[in-house]
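Shown next, in structure tokens, is the structure this report addresses.
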Amino acid sequence: METTMTGRMDAAPILARLDRLPATRHVWLLITLLSLGGIFEFYDLFITAYIIPGLVKAGLLANLSLAIWTGPALFVAATFAGLFIGTFVFGYVADKYGRRTIFTYSMLWYSVATLVMATQTSGTGVCLWRLIAGFGIGVELVTIDTFIAELVPKHLRGRAFAFNQMVQFSVVPIVAFLAYELVPLAPLGVEGWRWVVVIGSLGALVVWVLRRGIPESPRWLINQGRLAEAESVTAAIEAKVIADLGGGALPAVADHAVDKLEPVGNFAEIWQPPYRSRTIMLMVFQFFQTFGFAAWVPTLIAQQTGIKLGESLQYAFIIAIANPFGPLLAMSFADKLERKWQLVGAACCIAVFGVVFSFQSTMALLILFGVLITLSNNVLSYSFHGYQTELFPTRVRARAVGFTYSFSRISTVFAAFIIGWFLQNAGTKGVFGLIAFAMLMVVLSIGIWGPRTRERELEQISH
């Protein structure tokens with residue numbers, strides 16, 4: 001491992017060359033390929049709610065219980081327990097084995113596990129394989145965020161993450177449509193929920209083939225001491241960018257900061273200055289940001305208006321269509337405003353629009369404020385996925401993101417119980433009061449302790 005001053009001097013020009021790249025077709029192609037991998041991770045994540053009616057209809061969740069979780073709750077718990085293990089326990093593997101390798105094999109992992117889940121004939125088998133699939137989904141979540149942050153130039157990171165989230169969220173209406181069409185039926189004698197699951201697993205295998213267009217992160221290669229490979233990857237990217245420019249010259253190379261050239265950091269490092277305050281800040285943020293709105297839209301609309309839950313699903317679908325448009329709108333300001341203040345602003349909007357939503361009784365206004373909450377949620381989501389990857393050095397980036405992100409997977413389970421209790425005992429106003437409090441915690445944690453990251457080199461931010 002080369003840790004000498006010579007190694008640092010050799011690394012700095014490579015990093016500088018990456019950060020000066022213009023946003024050409026090839027750079028956007030790399031972002032798109034990574035985002036396509038994220039589509040099926042989102043597909044797999046969002047089928048959780050949509051296939052439960054099919055599992056119930058098939059009797060697979062009847063008489064199924066473990067501790068406080070029974071029936072559908074156990075299936076949901078298995079999903080998020082798998083995500084927690086994937087992010088908390090295995091988040092570090094992308095630091096050890098490389099971004100490209102883990103991007104590929106985590107996708108293959110959850111594709112195979114999900115395919116096996118579709119063949120199960122018992123509720124126990126379904127939940128077990130859902131848990132196992134969650135390992136891969138959790139690792140993939142961490143790896144894609146880390147990969148994008150390290151590949152794209154500093155002036156493009158905000159828009160890259162906004163585009164990534166736009167692509168990923170575009171699958172939500174598709175999942176809803178496929179579930180609506182297939183779950184009630186049994187095409188070719190096979191239960192509809194199984195078709196929905198299989199479609200997602202096979203789609204991910206298609207993207208696995210496309211991985212060949214994605215290079216390894218030069219930043220990761222540099223930290224492994226593989227400077228020649230980092231140089232080769234960077235030169236190949238530059239050549240394609242120059243071709244996009246019609247042979248035009250690239251911007252001049254400037255000075256660039258360099259991290260410590262260590263292959264893999266350790267867990268203790270994220271508890272040392274300057275990372276300790278960032279770690280605690282993200283733990284608080286991740287725990288509270290899950291107290292959201294999306295999963296409860298049909299129930300909240302039904303409670304607010306008195307219409308049947310089935311009818312409210314139609315209105316919830318209209319609101320869900322807004323999902324890709326939040327990140328799309330964010331692309332107009334993603335790199336113009338400081339990331340931490342985008343997070344703070346989105347949290348404030350969620351709190352305000354949520355409280356206003358709770359006082360509406362007409363469907364038009366419920367849909368309007370439901371869409372505004374959804375768009376705010378999308379801005380919060382895209383900005384934190386980018387922000388969390390900017391705060392730690394390459395050697396420990398995936399480990400730190402995985403650890404802090406795992407708190408959102410745990411809190412999701414608690415949030416479901418707590419929001420359900422508030423809905424039953426305090427109505428929609430109580431629910432949105434709770435969400436407003438959670439968003440206040442988000443605002444305080446990010447607003448007070450969040451460092452600025454816009455237009456800064458990753459290596460500068462990590463010092």
Side-chain angles (χ1 to χ4, degrees), residues 18-19 23 27 31 34-35 38 141-142 144-169 219 257 259 270 274-275 277-290 292 326-351 375-394 396-398 400-405 407-408 438-463:
L18 282 172
D19 265 338
V27 173
I31 298 167
L34 290 169
S35 301
L141 281 162
V142 172
I144 290 175
D145 287 353
T146 302
F147 215 158
I148 291 175
E150 293 179 0
L151 270 183
V152 302
K154 62 183 180 181
H155 64 86
L156 185 61
R157 282 200 301 267
R159 282 170 288 164
F161 275 97
F163 179 83
N164 169 255
Q165 290 275 292
M166 180 191 71
V167 172
Q168 291 181 145
F169 273 117
R219 282 183 161 88
D259 274 335
I270 70 174
Y275 310 121
S277 62
R278 301 177 186 185
T279 299
I280 296 171
M281 172 194 71
L282 287 175
M283 288 167 59
V284 173
F285 166 80
Q286 292 290 5
F287 185 87
F288 284 103
Q289 64 94 0
T290 59
L328 179 62
L329 291 171
M331 289 186 70
S332 65
F333 58 78
D335 289 303
K336 296 177 181 177
L337 302 174
E338 193 60 59
R339 222 91 65 208
K340 64 179 285 184
W341 298 124
Q342 292 183 50
L343 278 167
V344 167
C348 289
C349 287
I350 292 168
L375 295 175
S376 302
N377 272 327
N378 296 149
V379 172
L380 183 82
S381 178
Y382 112 78
S383 50
F384 92 69
H385 275 279
Y387 190 63
Q388 64 186 0
T389 62
E390 297 175 306
L391 303 183
F392 300 95
T394 299
V396 76
R397 181 168 289 118
V401 170
F403 172 73
T404 55
Y405 191 67
F407 280 78
S408 70
M439 291 304 104
L440 175 62
M441 295 298 102
V442 166
V443 167
L444 292 176
S445 61
I446 299 295
I448 295 173
W449 288 286
R452 65 180 188 87
T453 62
R454 189 180 73 89
E455 287 280 359
R456 298 183 70 198
E457 301 161 7
L458 290 177
E459 290 71 22
Q460 283 181 325
I461 301 167
S462 67
H463 284 168

- prompt: Does Asp335 have any salt bridge (Lys or Arg N to Asp or Glu O under 4.0 Å) partners at least two apart in sequence or in another chain, and if so, which?
  reply: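 Listed in chain order: Arg159, Arg339.
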query: salt bridge (Lys or Arg N to Asp or Glu O under 4.0 Å) with Glu459: which residues, sequence neighbours excluded?
result: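 Once residues adjacent in sequence are excluded, the partners of Glu459 under the salt bridge (Lys or Arg N to Asp or Glu O under 4.0 Å) criterion are Arg219.
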Please check if the side chain of [X] supplies one atom and the backbone of [Y] the other of a donor-acceptor pair under 3.5 Å.
X	Y	result
Asp19	Lys154	yes
Ser376	Ala346	no
Arg157	Pro153	no
Gln342	Leu337	yes

Run the side-chain donor-acceptor check on residues 438-451: report pairs under 3.5 Å with partners two or more places apart or on a different chain.
from: Ser445; atom 1: OG; to: Met441; atom 2: O; distance (Å): 3.0
from: Ser445; atom 1: OG; to: Val442; atom 2: O; distance (Å): 3.0

Inter-residue atom distance [X].[atom1] - [Y].[atom2], 0.5 Å rounding:
X	Y	atom1	atom2	value
Glu338	Ser383	CD	OG	11.5 Å
Leu380	Leu375	CG	CG	12.5 Å
Tyr382	Asn377	OH	CG	14.5 Å
Arg454	Arg452	CZ	CZ	8.5 Å

Partner set under ring-ring contact (aromatic ring centres under 6.0 Å, His included) for Phe287, not counting sequence neighbours: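 Counting only residues at least two positions away or on another chain, Phe287 forms no ring-ring contact (aromatic ring centres under 6.0 Å, His included).
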query: Partners of Tyr387 by ring-ring contact (aromatic ring centres under 6.0 Å, His included), sequence neighbours excluded?
result: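 For Tyr387, no residue satisfies ring-ring contact (aromatic ring centres under 6.0 Å, His included) once neighbours in sequence are set aside.
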- prompt: Between Thr453 and Glu390, do the side chains contain an N or O donor and an N or O acceptor separated by less than 3.5 Å?
  reply: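 Distance-only check passes for Thr453 and Glu390.
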task: Please check if any side-chain donor atom of Asp145 sits under 3.5 Å from a side-chain acceptor atom of Thr389, or the reverse.
output: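 No pair is found: no donor N or O on one side chain lies under 3.5 Å from an acceptor on the other.
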query: By side-chain hydrogen bond (donor to acceptor under 3.5 Å, both in side chains), which residues pair with Gln165, not counting sequence neighbours?
result: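 With sequence neighbours excluded, Gln165 shows a side-chain hydrogen bond (donor to acceptor under 3.5 Å, both in side chains) to Ser381, given in chain and number order.
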Heavy-atom check, side chain of Tyr275 versus side chain of Leu391, under 4.5 Å: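 SC-SC contact between Tyr275 and Leu391 ruled out.
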task: Check the pair Arg397, Glu150 against salt bridge (charged side-chain N to carboxylate O under 4.0 Å, His left out), reporting the backbone distance first and the verdict last.
output: CA-CA 10 Å; Arg397 181 168 289 118; Glu150 293 179 0; 2.6 Å; yes
